[in-house]
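Some notes on the structure that comes next.
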Amino acid sequence: MSTSVARLAGRLAGLVAVVVCVTALTWLAMRVLRPAWFAGDERAVPAQLLSALDRTFLHFDLGRQWAPPQDRVADVIRRGLPADLSLLAGATAFGLVTGTAAGTYCGARPGTPLARALEGAAAFFIFAPIYVVGLSLILLFGSDVALVQVGIHIPRSYAPFAEGPLRWAGAMLVPCVLVGLPLAALIMRLTRTSVRSVLGEEFVLAASAKGLTEHTVMRRHVLRAAGAPVISATGMTVNLMITNVVVIEAVFGIPGVFGHLKTAIAYGDFPMLMGITIVGAALIALANLLADVALERLDPRVRR
């Protein structure tokens with residue numbers, strides 16, 4: 001137990017170090033590319049950097065937005081981060097469940113009509129621009145603008161959780177699906193390949209020979225052995241998901257932190273850009289940490 005705690009503590013320290021390093025490198029890049037933003041500070045560059053890191057990580061003071069309404073960046077992050085986390089968590093859950101289920105079916109029953117259809121859908125969603133898919137769904141099924149009347153409309157505005165869990169869930173469902181579709185397609189392909197390779201292993205054949213049902217063999221043996229690449233890929237694709245979150249938050253009016261990126265770029269809003277960078281780096285580092293922990297639980301050999 002003590003070894004596991006020490007390993008986890010070391011990884012948490014590494015996570016903090018990564019976020020600090022990304023922040024420092026981003027600050028230095030801005031300092032070189034936009035020196036006018038730092039006019040008036042006559043201190044040496046290392047002193048300015050250390051002062052910025054001190055304010056950011058010890059006092060959580062990122063300054064105020066340069067763009068209207070000039071709120072404190074820390075307050076903007078506090079208000080928007082729950083929406084970002086909800087969107088990313090929902091998209092990850094959708095991608096994992098849908099991709100694993102579809103990949104398992106395609107790996108166990110290759111060549112069937114349904115397997116071919118799923119493989120074709122995966123190829124489409126890997127390469128289709130997510131904003132095109134989202135805007136198409138809104139035009140076809142969006143409330144007040146639906147071209148197709150099927151009795152179910154996609155909400156075009158965000159509803160906070162305080163207005164009711166069901167209304168919030170309804171507003172977040174389609175955005176979560178859209179952000180999770182590329183992940184689901186990737187997970188489907190990885191699971192399909194892994195399942196096909198594992199099905200021929202001796203331990204799987206032995207389990208089947210013992211009289212276990214196909215469902216039991218798949219759940220207890222095949223999926224467990226095939227899960228490592230799926231978990232690794234999930235951690236590594238968070239940066240892509242965050243890119244899609246930026247687009248989807250703009251399309252559906254979700255008030256997350258990443259929804260401020262367009263305005264921050266347009267105004268050259270350095271404090272807000274730094275805040276978005278820190279949040280993105282922290283989420284990517286945290287996702288990879290969770291993936292590593294899950295991978296260790298699935299395959300103890302990884303700990304060695």
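All values derive from a computational prediction rather than experimental measurement.
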Is any side-chain heavy atom of [X] closer than 4.5 Å to a side-chain heavy atom of [Y]?
| X | Y | result |
| --- | --- | --- |
| Ile130 | Val179 | no |
| Thr234 | Ile187 | yes |
| Glu296 | Asp292 | no |
| Val293 | Arg7 | no |
| Ser86 | Met172 | yes |
| Thr112 | Tyr105 | yes |
| Val73 | Ile77 | yes |
| Phe57 | Thr23 | yes |

- request: Quick one: do Arg189 and Ile126 satisfy side chain to side chain contact (heavy atoms under 4.5 Å, CB included)? Show the steps, please.
  value: CA-CA 10 Å; Arg189 287 188 163 191; Ile126 282 179; 3.7 Å; yes
- prompt: Taking atom CZ of Arg116 as the centre, does the number of heavy atoms from other residues, nucleotides or ligands within less than 6.0 Å exceed 12?
  reply: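 Atom CZ in Arg116 is not crowded, with 12 or fewer foreign heavy atoms closer than 6.0 Å.
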query: Around atom CZ of Arg43, are there more than 12 heavy atoms of other residues, nucleotides or ligands at under 6.0 Å?
result: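 Buried by this count: over 12 neighbours within 6.0 Å.
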message: Let's go through Lys262 and Glu249 carefully: what are the C-alpha distance in whole Å and the side-chain angles of both, what is the deciding distance for salt bridge (charged side-chain N to carboxylate O under 4.0 Å, His left out) to 0.1 Å, and is it a yes or a no?
response: CA-CA 11 Å; Lys262 179 180 178 181; Glu249 286 186 349; over 6 Å; no
message: Using side chain to side chain contact (heavy atoms under 4.5 Å, CB included), reason through Leu183 and Phe94 one step at a time and then give a plain yes or no.
response: CA-CA 9 Å; Leu183 175 63; Phe94 171 81; over 6 Å; no
First locate atom [atom1] of [X], then atom [atom2] of [Y], and finally report the distance between them rounded to the nearest 0.5 Å.
| X | Y | atom1 | atom2 | value |
| --- | --- | --- | --- | --- |
| Ile276 | Leu261 | CD1 | CG | 4.5 Å |
| Met274 | Thr56 | CE | OG1 | 6.0 Å |
| Gln48 | Leu53 | CD | CG | 12.0 Å |
| Trp37 | Met30 | CH2 | CE | 5.0 Å |
| Leu283 | Asn288 | CG | CG | 11.5 Å |
| Arg64 | Asp269 | CZ | CG | 12.5 Å |

Indicate yes or no for a side-chain donor-acceptor contact from [X] to the backbone of [Y] under 3.5 Å, with no hydrogens or angles considered.
| X | Y | answer |
| --- | --- | --- |
| Thr98 | Gly95 | no |
| Thr237 | Leu240 | no |
| Ser197 | Ser194 | yes |
| Gln65 | Asp71 | yes |

Identify the heavy atoms of [X] and [Y] that sit nearest to each other, and give their distance.
| X | Y | answer |
| --- | --- | --- |
| Cys176 | Leu87 | N-CD1, 3.7 Å |
| Ser232 | Leu295 | OG-CD2, 3.7 Å |
| Gly235 | Ala291 | CA-CB, 4.0 Å |
| Leu186 | Ala233 | CD2-CB, 4.3 Å |
| Arg196 | Cys106 | NH2-O, 3.7 Å |
| Ile254 | Ala83 | CG2-CB, 3.9 Å |

message: If you apply the rule side chain to side chain donor-acceptor pair (under 3.5 Å), what do you find for Ser51 with Arg55, and how did you get there?
response: CA-CA 6 Å; Ser51 177; Arg55 290 194 310 271; 3.0 Å; yes
- request: Determine, stepwise, if the pair Glu119 / Arg192 fulfils salt bridge (charged side-chain N to carboxylate O under 4.0 Å, His left out).
  value: CA-CA 9 Å; Glu119 290 169 358; Arg192 177 196 61 188; 3.4 Å; yes
Side-chain heavy atoms nearer than 4.5 Å, only ILVMFWY residues, links allowed to pass through others: does that put [X] and [Y] together?
| X | Y | result |
| --- | --- | --- |
| Val19 | Leu25 | no |
| Met188 | Val195 | no |
| Val22 | Trp27 | no |
| Phe125 | Leu114 | no |
| Met236 | Val18 | no |

- request: Take Val238 and Leu286, measure what side chain to side chain contact (heavy atoms under 4.5 Å, CB included) needs, and give me the verdict at the end.
  value: CA-CA 10 Å; Val238 173; Leu286 179 61; over 6 Å; no
Pair Tyr267 + Trp66: ring centers closer than 6.0 Å: no
- request: Check the pair Phe258 / Thr243 against side chain to side chain contact (heavy atoms under 4.5 Å, CB included), numbers first and verdict last.
  value: CA-CA 9 Å; Phe258 299 105; Thr243 302; over 6 Å; no
